> 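Structure in structure tokens, see below.
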Amino acid sequence: MNKDIFLTNSIGYKKEKFVPIDKNKVGMYVCGPTVYDDPHIGNARPLVVFDILYKVLKCKYGVKAVTYVRNITDVDDKIIQSSIDKKISIEELTKKITKNYHNDCDYLKCEKPNEEPKATEHILLMIEMAKILIKKGFAYENKNHVYFEVKKFKDYGKLSNKNLDELIAGSRVEISENKKNPEDFVLWKPSMEYEPSWDSPWGKGRPGWHLECSVMSKKYLGVKFDIHGGGRDLIFPHHENEIAQSRCANDTDVFANYWVHNGFITISNEKMAKSQGNILKINDFKKSISGQVLRLALISTHYKQPLDWNDNLINECKKILNKWYECYVQVKKKVLIPESILGPLYDDLNTPGYIANIHKLYDKAHNGTVKDKEVFTTACNFIGLLTDSKDQWLKFKKEQSDISEQEILHKIKERDKARKNKNYKLSDKIRDELLNKGVLIEDKDGKTTWKFK
RNA sequence: GGCAUCGUGGCGGAAUGGUUACGCAGAGGAUUGCAAAUCCUUCUAUCCCAGUUCGAUUCUGGGCGAUGCCUCCA
């Protein structure tokens, strides 16, 4: 499609036309998980949002033109703490959580990124970058720590709309006597005996949190690239610090051109937090709800907006997908999605607008030709919906029920008998019983059919 | 305290300087033993106050309210 893509750039928070550095190539870096605990529904949002942005970019620039990098952070204080709490080794923990994370990605129908670098596999590059920053005078060593001197970077705070004076005045910044200034942040720190460590010019230790993304984005996308994404909360300090490190180390005027951040999820209007005890793990949905339902729910609101997670939302999405599967067809030949339908996605990833368009395609397809149904199904597939066949969808619902097919057919026979005898009291009772077990009876054209609700 | 975002019908949720969003729910109808499912039709809205304008829900200013970030966090 010839149409331009627009994105809301967090720098300035304005919608801007997307122009890649190289018009034949697009690079996107998205902050992936820190593998210290199972992914929750909040982690799922950027996964799905940037998966769709990836698809849109590929649609416009070609499959091979887009490089999507999403890291895995496997060294971090939270991981150390979690391994102590769970009484398992760090390696065992990160391996296990990474595996769970990949399962969750599959469940949510997310495509694999082109690269999925791990922090622990890039320690040497991180040490290199820290060395360069010291050499150039942007960082300093003190007592086996290396700190980035924020003051030295003039554009600090440009992304998050902060100025240094206010930050310091807030005095919530961690004060350490090792630091020259309270706002300075760690590039390298020493490790305790039991903590993971690597040799460095500043002794055995480990990197600070932000360095990995600077190093890995550079390795896979270069010192300047197009899109950097993640959750809103990462704007400060994580992304601000990435910009500072990268631009100072690489002598560049810009790090990423477009910063795209997704909003937060609340649970029934409450902040999702450990202290609230309302963390919903992705894994906990797998048994009862199809990943497609979660996916639809996650994109039912524009990515920038907050999204409230509640039963009503899930039920609505279930209903919509049930309905949509009525028009599902297997698409064999490639079908083009009309520009007018695709439009909202190009316009700052307006998924609700696109969903509204799918509803219109559904209306057309429902009484329309096979071609109409193919267009409809293709439009759904484009955002990762209706990617399961109808059989798979029905099978999943079947697995939710504890009633056997045999039993259902038997009950229906019983009901038919009652109906023939005009014993409607009994026949309605049987229908209610089945409904309670999730089986929906439909008398159509003189025949009784059933399906799982 | 500082910096941001948001405030649309019963609910969710887009867009827009003047014209139908869309979905769910509700109502009416077709259909049915009654339903369900499906189809058709349909009601309901732009927080308050000023300003700009021929005209503002949309732009500007003020107010009120909600939320987020400023500390680990998607």
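A quick note: this is a predicted structure, and the numbers were derived from the prediction, not measured. Below, chain A is the first sequence line, B the second, and so on; all start at residue 1.
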> Are there over 12 heavy-atom neighbours, none belonging to N421(A), within less than 6.0 Å of that residue's CG?
yes

> By nearest atom, which of the nucleotides rA35(B), rA37(B), rC39(B) is closest to the K451(A) side chain?
rA37(B)

> Could you tell me whether L435(A) contacts a base, only the sugar-phosphate backbone, or nothing, with contacts defined as non-hydrogen atoms closer than 4.0 Å?
nothing

> Check the distance between rA74(B)'s P and E242(A)'s CD and give it to me in whole angstrom.
13 Å

> When rounded to the nearest Å, what value does the distance between C1' atoms of rG17(B) and rC24(B) take?
31 Å

> Quick one: sort the F148(A) and F185(A) rings into parallel, tilted or perpendicular, breaks at 30° and 60°.
parallel

> Return no unless some side-chain N or O of K78(A) is found under 4.0 Å from OP1 or OP2 of rC73(B).
yes

> Check every atom of rC24(B), rA74(B), rC39(B) against the side chain of K319(A) and return the nucleotide holding the closest atom.
rC24(B)

> Check the orientation of W259(A) and H239(A). Use parallel for under 30°, tilted for 30 to 60°, and perpendicular for over 60°.
tilted

> What's the closest nucleotide to the side chain of F236(A) if the choices are rC69(B), rA74(B), rC34(B)?
rC69(B)

> How would you label the contact of D77(A) with the nucleic acid (heavy atoms, under 4.0 Å): base, sugar-phosphate, or nothing?
nothing

> Distance check, P atoms only: rA37(B) and rU46(B), in whole angstrom units.
32 Å

> G231(A) near the nucleic acid: base, sugar-phosphate alone, or nothing, with a heavy-atom cut-off under 4.0 Å?
sugar-phosphate

> Please state how far atom CG in N357(A) lies from atom C1' in rG23(B), giving the value in whole angstrom units.
13 Å

> Within the structure, does a side-chain N or O atom of W450(A) lie under 4.0 Å from either OP1 or OP2 of rA37(B)?
no

> Across the strands shown, which category fits Y354(A) at heavy-atom distances under 4.0 angstrom: base, sugar-phosphate, nothing?
nothing

> Rounding to the closest angstrom, what is the interatomic distance between rC49(B) and rC43(B) at atom C1'?
30 Å

> Which of these, K17(A), K14(A), K15(A), K304(A), sits in a salt bridge (Lys or Arg N to Asp or Glu O under 4.0 Å) with D348(A)?
K304(A)

> Write down the partner of rU38(B) under the Watson-Crick or G-U wobble criteria, each distance required to be under 3.5 Å.
rA30(B)

> How far, in whole Å, is rU8(B) from rU58(B) if one measures between their C1' atoms?
11 Å

> Which base, if any, makes a Watson-Crick or G-U wobble pair with rG23(B), both distances under 3.5 Å?
rC11(B)

> Is the NZ or CZ atom of K286(A) positioned over Y107(A)'s six-membered ring, under 6.0 angstrom from the centre and within 45° of the axis?
yes

> Taking the side chain of K162(A) as its heavy atoms from C-beta onward, which of rC69(B), rA74(B), rG33(B) lies nearest to it?
rC69(B)

> In this structure, how many angstroms lie between the P atom of rA36(B) and the CD1 atom of I412(A), rounded?
18 Å

> Angle between ring planes, Y147(A) versus H145(A), binned at 30° and 60°: parallel, tilted or perpendicular?
parallel

> So does R232(A) reach the base of rC73(B) with its side chain, donor to acceptor, closer than 3.5 Å?
no

> Scan H40(A) against the nucleic acid and name what it touches under 4.0 Å (heavy atoms): base, sugar-phosphate only, or nothing.
base

> Sticking with atom P, work out how far rA45(B) lies from rG62(B), rounded to a whole angstrom.
30 Å

> Of H359(A) and C31(A), whose closest RNA chain B nucleotide lies nearer the 5' terminus?
H359(A)

> When the P atoms of rA15(B) and rU71(B) are considered, how many whole Å apart are they?
32 Å

> Can you measure I279(A) atom CD1 to rC73(B) atom C1' for me and round it to whole angstrom units?
9 Å

> The side chain of K271(A) is closest to which nucleotide in this list: rA4(B), rC73(B), rC39(B)?
rC73(B)

> Quick one: I11(A) CD1 to rU5(B) P, roughly how many Å, whole number?
15 Å

> Between E212(A) and T73(A), is there a side-chain donor-acceptor contact under 3.5 Å, judged purely by atom types and distance?
yes

> If the C1' atom of rU57(B) is compared with that of rC48(B), how far apart are they to the nearest Å?
13 Å

> Near E91(A) CD, under 6.0 Å, is it more than 12 heavy atoms from other residues, nucleotides or ligands?
no

> For nucleotides 9-17 of chain B, tabulate all protein N/O to nucleotide N/O atom pairs closer than 3.5 Å, reporting atom names and distance.
{"unit_1": "rG13(B)", "atom_1": "OP1", "unit_2": "T301(A)", "atom_2": "OG1", "d": "3.4"}
{"unit_1": "rA14(B)", "atom_1": "OP1", "unit_2": "H302(A)", "atom_2": "N", "d": "2.7"}
{"unit_1": "rA14(B)", "atom_1": "O3'", "unit_2": "N350(A)", "atom_2": "ND2", "d": "3.2"}
{"unit_1": "rA14(B)", "atom_1": "O2'", "unit_2": "N350(A)", "atom_2": "ND2", "d": "3.1"}

> Check each of E121(A), M126(A), H122(A) against M216(A) using the side-chain contact (heavy atoms from CB on, under 4.5 Å) test, and report the only one that passes.
H122(A)

> Rounding to a whole Å, what distance do you find between K444(A):NZ and rC39(B):C1'?
11 Å

> Nearest to the side chain of K323(A) - rG23(B), rC34(B), rC72(B)?
rG23(B)

> Partner lookup for rU44(B), please. Criteria are Watson-Crick or G-U wobble with both distances under 3.5 angstrom; report none if nothing qualifies.
none

> Kindly give the heavy-atom pair with the smallest separation between K109(A) and R295(A), and that separation in Å.
O-NH1, 3.2 Å

> For Y13(A) and rA4(B), are the ring centres under 5.5 Å apart with planes inclined under 30°?
no

> Taking atom P of rG33(B) as reference, at what distance in whole Å does atom NZ of K447(A) sit?
17 Å

> Looking at rA74(B), rC34(B), rC73(B), which one has an atom nearest to any side-chain atom of R415(A)?
rC34(B)

> Please tell me which of S427(A) and K360(A) maps to the more 5' nucleotide of RNA chain B, matching each residue to the nucleotide holding its nearest heavy atom.
K360(A)

> Could you tell me how far rA27(B) sits from rU44(B) if I compare only their C1' atoms? Round to whole Å.
11 Å

> Take the protein atom CD1 of I235(A) and the nucleotide atom P of rC72(B), then report the distance between them rounded to whole Å.
15 Å

> Any strand is fair game: report the nucleotide pairing with rC3(B) by Watson-Crick or G-U wobble, both distances under 3.5 Å, or none.
rG68(B)

> Using the six-membered ring for Trp and the full ring for Phe, Tyr or His, decide whether F264(A) stacks on the six-membered base ring of rG68(B) (centres under 5.5 Å, planes under 30°).
no

> Ring centroids only, cut at 6.0 angstrom: are F255(A) and F225(A) within range, meaning strictly under it?
yes

> Paired with rG55(B): which nucleotide, if any, by Watson-Crick or G-U wobble criteria at under 3.5 Å for both distances?
none

> Taking OP1 and OP2 of rA74(B), is either one under 4.0 Å from a side-chain nitrogen or oxygen of N43(A)?
yes

> Taking the side chain of R431(A) as its heavy atoms from C-beta onward, which of rA35(B), rA74(B), rC72(B) lies nearest to it?
rA35(B)

